[in-house]
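Data block below; observations after.
Positions are given from 1 along the sequence. Quick note: numbers below take in every heavy atom, side chains included, and nothing from hydrogens, waters or symmetry partners.
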Amino acid sequence: MSDATYRFALPNLYAAQAHKEVTHNEALLRIDGLLHCAVQSSLQTPPLVSATDAGKMWLIDDVPSGEWAERGKMVAYWTGTAWRYFSPQDGMEIWHRENNSLLRYTDG
């Protein structure tokens, strides 16, 4: 058994694992971001965010800079204290709030 699920890298629990709540909470956070995914907009650099922006997500442009460098075409999820990054999978749909449009990720 691998350490994570195959498509979205949700962390797996193990019988003798210590601090299972950390792994479980990480999986819930990822599910929260990926289930009915909706991004605020597409950006090259991280927006100025605070704790009140927790749960908001952005689509990272092709050639990002700053803290998002080398994370092009990923989805950035703000947890209120840190960024989490998701790699879209073929067939994944993302609601783009700024453009009021539905995006579908296909063929990488």
(message) So, applying side chain to side chain contact (heavy atoms under 4.5 Å, CB included) with Phe86, which one of Met57, Met74, Met92 is it?
(response)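 Testing each of Met57, Met74, Met92 against Phe86, the sole residue satisfying side chain to side chain contact (heavy atoms under 4.5 Å, CB included) is Met57.
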(message) Tell me which pairs pass ring pair (Phe, Tyr, Trp, His ring centres under 6.0 Å) where either residue lies in residues 30-51, with sequence neighbours left out.
(response) none
(request) Please list, chain by chain and in numerical order, all residues satisfying side-chain hydrogen bond (donor to acceptor under 3.5 Å, both in side chains) with Asp32, sequence neighbours excluded. (result) Tyr77
How long is the straight-line distance from [atom2] of [Y] back to [atom1] of [X], given to the nearest 0.5 Å?
| X | Y | atom1 | atom2 | value |
| --- | --- | --- | --- | --- |
| Lys73 | Asp61 | NZ | CG | 10.5 Å |
| Ile60 | Trp68 | CD1 | CH2 | 5.0 Å |
| Trp95 | Asn100 | CH2 | CG | 4.0 Å |
| Trp58 | Asp53 | CH2 | CG | 5.5 Å |
| Glu70 | Tyr85 | CD | OH | 11.5 Å |

(message) Applying a strict under-4.5 Å side-chain criterion to I, L, V, M, F, W and Y, I'd like to know whether Val75 and Trp78 cluster together.
(response) no
Please list, one pair per line, the donor and acceptor atoms closer than 3.5 Å that link side chains of residues 38-47 to other protein atoms, with sequence neighbours excluded.
| from | atom 1 | to | atom 2 | distance (Å) |
| --- | --- | --- | --- | --- |
| Ser42 | OG | His96 | NE2 | 3.1 |
| Gln44 | NE2 | Val63 | O | 3.1 |

(message) Using the rule given for side chain to side chain contact (heavy atoms under 4.5 Å, CB included), can you reason through Lys56 versus Val49, listing the C-alpha separation, both sets of side-chain angles and the distance that settles it, and then say yes or no?
(response) CA-CA 9 Å; Lys56 291 183 179 177; Val49 288; over 6 Å; no
